[in-house]
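The next block holds one structure in the form of C-alpha cells; read it before the comments.
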Amino acid sequence: MLRWLSDWLFGRGPSSFDRFKSATLQDTTLMSIDLELTSLNANESEITSFGWVCGRNSSIALETCTYSVVKTKAPLGQSPVIHGLIQDNISKGEKVEDVLTRFIAQLPSKILVIHNANLDLAVLDAVFRRLNLPAQEVYYIDTLQLALYELKKEHEVVPSNSASLGACLLRAGLPEVPQHNALEDAMAALLLCYAQLASLGLTEQSCLADLSHTKALGRKTLGVVKT
C-alpha cells in the first residue's frame, strides 16, 4: 500500500492528483506543518522556525514532533514580539538547508495540513528556488479554507479574524494553545483538521475527494522542476 501510495502521490503514475483524492482517510498519513516567518511577504520572508507533527486515524503520533529554530541574518521585525524568538535564539539556530533536508525526507506518502497554505507554501517555494533544492510536489489540506467554507455558509461577509487558528480552535471547542510557536501551531492545526473533517461528516472510510467542494484540497510544486 505505501509503495503504491508513494508512486501516485509523487507523480510516478497517471492522474496523480485524482488518485490522491481517491485515497481514504484511513489510508492517509497527515503531516501538519507550521512556519514562523520574518514577514508576510513570501518573496522576502525568511523562516525563523519550523515545526511539524504527523497523525493518522484521528490520532497524533507524538514521536514525530519536530521543532527547529532556523538561523537567518534577515531583520527580525516583529518576530521577537510575536514568536518570542530573539537574535540570540536565531544565531544559534540551524541552517535552513539542513532543516529542509529533514523536511523533504518526511514527505513521501504524506498529505500536508496547513493553516493558510498559500503563505507557507509560497515561502517554501521561494526558499527551495533560492537554494536550488530538489523540486517536491506536495498535496495538502488547508484548514483555513475549511474554516472559510463553514463561515461563508453562515455569514455573507466573513467577520474579521474569525478564521484565525485561535478563533477556529475556540469555535470547534478545542483547547487554546500558546500560539506562534511553530510546533504548537502545527499540533493545533492537526487537531483542528480532525475536528473539521468530523464536522463535515467524514469518516475514516471517506475519500479526500469528499473535500473537493470546500476548495481546501490542493497541490503545489516547491522549487524548480528540472528537465
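Annotation: side chain of T66 is not in contact with side chain of L183 (no heavy-atom distance under 4.5 Å). Side-chain contact between K152 and V158: present, with at least one pair of heavy atoms (C-beta onward) separated by less than 4.5 Å. Side chains of T101 and I104 form no contact here, defined as non-hydrogen atoms less than 4.5 Å apart. Side-chain contact between L119 and L35: absent, with no pair of heavy atoms (C-beta onward) separated by less than 4.5 Å. Using a 4.5 Å cut-off on side-chain heavy atoms (C-beta onward), L62 and V53 make no contact. Side-chain contact between I141 and L112 is absent, with no heavy-atom pair separated by less than 4.5 Å. Looking only at side-chain heavy atoms (C-beta outward), V123 and F128 stay at 4.5 Å or farther from each other. Using a 4.5 Å heavy-atom threshold, the side chains of Q196 and T143 count as touching.
D125 places a side-chain N or O within 3.5 Å of a backbone atom of G223 that can act as its donor or acceptor partner. A side-chain donor-acceptor contact under 3.5 Å links T48 to the backbone of E36. When atom types are taken as modelled, the side chain of S45 and the backbone of A42 share no donor-acceptor pair closer than 3.5 angstrom. Distance alone, capped at 3.5 Å, places no donor-acceptor pair between the D120 side chain and the A117 backbone. Looking at N181, its side chain does come within 3.5 Å of a backbone N or O of E184 through a donor-acceptor pair.
Tracing side-chain contacts under 4.5 Å through hydrophobic residues (I, L, V, M, F, W, Y), one never reaches L144 starting from I114; they form parts of separate clusters. Connection of L200 to L151 is not established within any shared hydrophobic cluster, with ILVMFWY side chains joined at heavy-atom distances below 4.5 Å, either directly or through further cluster members. Transitive grouping of hydrophobic side chains (ILVMFWY, heavy atoms separated by less than 4.5 Å) brings V70 and L40 into a common cluster. There is a path of hydrophobic side-chain contacts, each under 4.5 Å, that joins L174 to L165. Taken together through direct or relayed side-chain contacts under 4.5 Å among Ile, Leu, Val, Met, Phe, Trp and Tyr, L131 and I47 form part of one hydrophobic cluster.
Ion pairing between D98 and R102 fails under the 4.0 Å rule for side-chain N and carboxylate O. Taking the charged nitrogens against the carboxylate oxygens, E46 and K71 have no contact shorter than 4.0 Å, which rules out a salt bridge.
No side-chain donor-acceptor contact under 3.5 Å links S39 and E44.
Ring pair F103/W52 is tilted by interplanar angle, where 30° to 60° counts as tilted.
The heavy-atom pair separating C54 from T29 by the smallest distance is CB-CG2, 4.4 Å. T221 and A135 make their closest contact through CG2-CB, 4.2 Å (heavy atoms, listed as atom of the first residue, atom of the second, distance). Nearest approach of R56 to T28, heavy atoms of both residues: CG-O, 3.5 Å. Closest non-hydrogen pair, D142 versus N116, comes out as OD1-N, 3.1 Å. What you find for V113 and C193 is that their closest heavy atoms are CG1-CB, 3.9 Å. Heavy atoms only, all atoms of each residue included: A172 and L192 are closest at CB-CD1, 4.3 Å.
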message = For a side-chain contact (heavy atoms from CB on, under 4.5 Å) check, start with the C-alpha distance between L169 and E176, then their side-chain angles and the critical distance, and finish with the verdict.
response = CA-CA 7 Å; L169 293 171; E176 294 183 76; over 6 Å; no
inquiry  = Assess the residue pair C168 and H115 against the criterion (side-chain contact (heavy atoms from CB on, under 4.5 Å)); give the C-alpha distance rounded to whole Å, side-chain angles, the decisive distance to 0.1 Å, and a yes or no.
reply    = CA-CA 10 Å; C168 291; H115 196 78; 4.0 Å; yes
task = With side chain to side chain donor-acceptor pair (under 3.5 Å) as the test, would you mind laying out the steps for T24 and Q205 before giving the verdict?
result = CA-CA 6 Å; T24 62; Q205 287 71 46; over 6 Å; no
request  = May I have the step-by-step check of side chain to side chain donor-acceptor pair (under 3.5 Å) for Q26 and T203, ending in yes or no?
outcome  = CA-CA 8 Å; Q26 67 183 358; T203 68; over 6 Å; no
inquiry  = Walk me through whether S162 and R171 qualify under side-chain contact (heavy atoms from CB on, under 4.5 Å).
reply    = CA-CA 9 Å; S162 60; R171 201 162 45 249; 4.3 Å; yes
R219 vs F20, side-chain contact (heavy atoms from CB on, under 4.5 Å): CA-CA, chis, key distance, verdict = CA-CA 10 Å; R219 63 175 169 178; F20 149 66; 5.9 Å; no
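A distance of 8.0 Å separates OH in Y140 from CD in Q145, rounded to the nearest 0.5 Å. Separation of atoms CG (L146) and OG (S199) is listed at 9.5 Å; rounding is to 0.5 Å. The OH atom of Y139 sits 10.0 Å away from atom NZ of K21, with the distance rounded to the nearest 0.5 Å. The structure places CD1 of I33 at 12.5 Å from CG of L30, a figure rounded to the nearest 0.5 Å. Taking CG of L197 as the reference point, atom CG of L202 lies at 6.0 Å (rounded to 0.5 Å). Annotation: the span from N43 atom CG to R130 atom CZ amounts to 10.0 Å, rounded to 0.5 Å.
Within 6.0 Å of atom NZ in K153, more than 12 heavy atoms from other residues, nucleotides or ligands are found, so the atom counts as buried in its surroundings.
Residue pairs meeting the ring pair (Phe, Tyr, Trp, His ring centres under 6.0 Å) criterion with at least one member in residues 194-227, sequence neighbours excluded, are Y149-H213.
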